[in-house]
Engineer: 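Mind having a look at this structure? Questions to follow.
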Amino acid sequence: MNNNTAPYELSKTNTLNSPTRSINRAISAPQPDLNIDQVSEEVKLEPDVDNAIPEGPPPDKGYAWIVMVACFVNLLFAFGTTNAFGVFQTYYLEVLFVDVSADLIAWISTTCIFFTLAGGLAAGPIIRRIGMRYTSILGTFIGSAGLLLASFSTKVWQLVLTQGVIFGFGSSLIVNIALTAPALWFDKNRGMAIGLVASGGGFGALVLIPVVTKVVEVNSVWWAFRVLFLMYFVSTLVGGFLLKPRIGFTPINKIIDFGLIKDPVAMLICAVGFLLEIGYSITMLYFPASLVDNGTSVTLATNLIMAFCTISAFSRIISGYLVKKMNPMDIMIFCHSMSGIIMLTMWLTNKKFSVHLVYYLLFGLFSVPFFSLGPVVTASYYKKEKISQVNGLSYLSMGIGILVGYPSVGAVFQNYGKRTDYSQIIIIGGTFYLLSVIPLVALRHYIKK
């Protein structure tokens with residue numbers, strides 16, 4: 001009996017034989033071939049079904065909001081300290097290391113942000129062994145140790161090790177968990193929850209920049225590190241104790257899942273992150289210093305960093321809300337295009353403070369949606385066991401962008417800009433933002449297909 005005749009014979013058997021024999025023959029009848037690749041693709045295209053978890057507390061309510069607030073606070077300090085790096089960068093360039101080359105100074109921020117992003121790949125195996133809560137607390141102790149040691153550092157290489165490697169790695173564990181936990185606790189409000197958590201980095205700068213600036217003015221940058229140490233330790237320790245998964249959460253026991261390298265969606269997300277981070281970092285690190293070189297006071301330049309962070313924080317929240325009504329890829333394509341355009345026009349071709357002010361605020365609005373929408377796309381597309389791994393791989397790509405981009409941009413600024421001409425690095429930043437639109441368009445195509 002072949003596949004073409006099976007339905008007819010089964011119908012005949014049902015008429016002539018007993019119900020038991022009918023069932024047996026129905027079971028033994030050959031079935032159409034099942035295309036496993038097709039099934040896998042269909043599973044990927046129904047992400048909410050895969051991620052829906054019947055056990056545990058109900059999603060989107062109750063303790064889910066406590067987890068969201070804890071993740072927000074953790075990201076406020078883990079990423080907020082990094083987003084406040086413009087204050088440190090300006091101080092290093094203009095005061096502390098005046099006789100040190102800009103490309104060497106850039107290694108402090110390079111290692112800090114690289115390890116904050118890339119170190120999160122280690123979170124999955126650690127969570128598998130000691131749990132989400134204690135992994136976050138481990139990150140608190142490591143990051144706090146880095147800040148405390150940085151307060152006794154007087155050389156560039158010492159700050160690279162303490163503020164860069166140690167603090168960065170500790171923060172990476174906190175960041176990875178803060179962006180993974182909301183995906184486990186939220187379903188209908190997932191985009192909004194991740195957007196709110198992602199805004200913590202922007203709001204963190206609002207809290208930390210005035211503190212750092214004031215302590216530096218009153219005492220020294222070393223005491224600024226000590227104050228940051230106390231705030232970081234207490235806040236992220238409490239946030240870590242409040243964290244737990246909604247149900248049993250066992251991430252993949254690998255630092256890197258090489259199977260994802262063959263996944264076009266994961267690789268396109270990584271490509272976006274790599275290109276974006278190079279473009280984003282140039283404004284973050286060099287725009288305040290460019291204002292000072294054009295005659296703006298250091299205090300005003302610092303205050304503008306807070307304004308930028310405020311706009312960027314609200315931008316992440318708005319992006320998380322809009323994802324309910326719009327395709328997240330469309331939002332990112334538009335925003336990345338606008339970011340590149342305004343960099344190459346308003347910042348590059350004009351020296352007026354008013355134009356630069358408008359540019360800075362617009363850049364804060366358009367430049368950051370990927371930081372909130374990237375995890376949303378990941379959480380919606382992949383099964384929960386892979387969310388931490390894909391997020392870590394995405395942030396690794398951004399870290400590689402920093403590792404490649406920061407020293408290169410610093411060298412261009414030192415050798416071609418002579419530490420006064422910003423035009424070359426502005427062109428680099430705008431170009432990379434526009435290039436990031438290409439993988440976004442491809443990503444939209446793959447997910448739609």
Side-chain angles (χ1 to χ4, degrees), residues 77-122 138-175 208-209 212-213 215-216 219-230 232-233 277-278 281-282 284-286 288-289 292 298 395-396 398-419 425:
F77 283 93
F79 259 164
T81 304
T82 303
N83 287 340
F85 209 99
V87 178
F88 291 103
Q89 181 79 357
T90 302
Y91 188 84
Y92 294 154
L93 287 170
E94 305 291 339
V95 180
L96 190 61
F97 300 124
V98 177
D99 298 325
V100 179
S101 64
D103 54 337
L104 183 60
I105 294 172
W107 277 105
I108 303 173
S109 56
T110 298
T111 52
C112 177
I113 303 176
F114 172 77
F115 278 94
T116 299
L117 296 173
L121 278 172
L138 175 64
T140 293
F141 279 94
I142 296 173
S144 299
L147 289 174
L148 186 60
L149 291 172
S151 70
F152 298 100
S153 304
T154 57
K155 307 287 186 183
V156 171
W157 71 265
Q158 293 171 345
L159 288 167
V160 168
L161 178 62
T162 56
Q163 188 181 10
V165 178
I166 300 175
F167 170 74
F169 179 71
S171 293
S172 72
L173 301 179
I174 296 173
V175 168
L208 300 177
I209 287 175
V212 172
T213 303
V215 175
V216 169
N219 200 302
S220 67
V221 70
W222 318 127
W223 272 103
F225 277 121
R226 290 162 196 156
V227 172
L228 275 180
F229 155 75
L230 289 173
Y232 180 94
F233 179 78
E277 191 59 50
I278 294 176
S281 63
I282 289 174
M284 284 295 297
L285 291 180
Y286 290 97
V292 174
V298 174
Y395 278 90
L396 172 64
M398 288 189 274
I400 293 173
I402 289 168
L403 197 62
V404 173
Y406 276 31
S408 302
V409 170
V412 170
F413 183 54
Q414 175 75 28
N415 299 323
Y416 295 96
K418 306 302 180 184
R419 296 180 69 156
I425 62 174

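Computation of the quantities below employed the complete heavy-atom set of this structure, encompassing side-chain atoms and omitting hydrogens, waters and symmetry-equivalent molecules. The first residue in the sequence is number 1, and the count goes up from there. Note that the structure is predicted; figures quoted are calculated from it, not measured.
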Engineer: Is a side-chain N or O of Q158 found less than 3.5 angstrom from the main chain of T154, in a donor-acceptor match?
Structural biologist: yes
Engineer: In Å and rounded to the nearest 0.5 Å, what is the CG to CD1 distance from L161 to I108?
Structural biologist: 11.5 Å
Engineer: Are side-chain heavy atoms of S109 and F88 found at a separation under 4.5 Å?
Structural biologist: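 Not in contact.
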Engineer: Please report the shortest heavy-atom distance between T111 and V160, naming the atom on each side.
Structural biologist: OG1-O, 3.4 Å
Engineer: Could you state the interatomic distance from CD (E277) to CD1 (I282), rounded to the nearest 0.5 Å?
Structural biologist: 10.5 Å
Engineer: Calculate, to the nearest 0.5 Å, the distance between atoms CZ and CG belonging to R226 and N219 respectively.
Structural biologist: 8.0 Å
Engineer: Work out which heavy atom in W223 is nearest to a heavy atom in V215; give both atom names and the distance.
Structural biologist: C-CG1, 3.6 Å
Engineer: Could you report the tightest heavy-atom contact between G401 and I278, atom names first, then the distance?
Structural biologist: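 The pair with the smallest heavy-atom distance is O-CG1, 3.4 Å.
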Engineer: Taking the side chain as every heavy atom from C-beta outward, state whether F225 and V221 have any atom pair closer than 4.5 Å.
Structural biologist: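 Of all side-chain heavy-atom pairs linking V221 with F225, at least one is under 4.5 Å.
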Engineer: Short question: side chain of S151, backbone of L148 - any donor-acceptor pair under 3.5 Å?
Structural biologist: yes
Engineer: Quick check for you: to the nearest 0.5 Å, what is the distance between S172 atom OG and L396 atom CG?
Structural biologist: 11.0 Å
Engineer: With a 4.5 Å heavy-atom cut-off, do F77 and I174 have their side chains touching?
Structural biologist: no
Engineer: Output the distance between atom OG1 (T81) and atom CZ (F167), rounded to the nearest 0.5 Å.
Structural biologist: 4.0 Å
Engineer: Looking at side-chain heavy atoms only, is the closest gap between F115 and T110 below 4.5 Å?
Structural biologist: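 Result no, sub-4.5 Å side-chain heavy-atom pair not found.
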Engineer: Shortest non-hydrogen contact from R419 to I105?
Structural biologist: NH2-CD1, 4.5 Å
Engineer: Taking all non-hydrogen atoms of both residues into account, name the closest pair between Y91 and V216 and its distance.
Structural biologist: CE1-CG1, 3.6 Å
Engineer: What are the two closest heavy atoms between L159 and S153, and how far apart are they?
Structural biologist: CD2-CB, 3.8 Å
Engineer: Is it the case that more than 12 heavy atoms not belonging to W222 sit under 6.0 Å from its CH2 atom?
Structural biologist: yes
Engineer: Tell me whether the centres of the aromatic rings in F97 and Y92 are closer together than 6.0 Å.
Structural biologist: yes
Engineer: Tell me whether the rings of F79 and Y395 are parallel (<30°), tilted (30 to 60°) or perpendicular (>60°).
Structural biologist: tilted
Engineer: Going from CD1 on I166 to CG on L149, what distance comes out if it is rounded to the nearest 0.5 angstrom?
Structural biologist: 5.5 Å
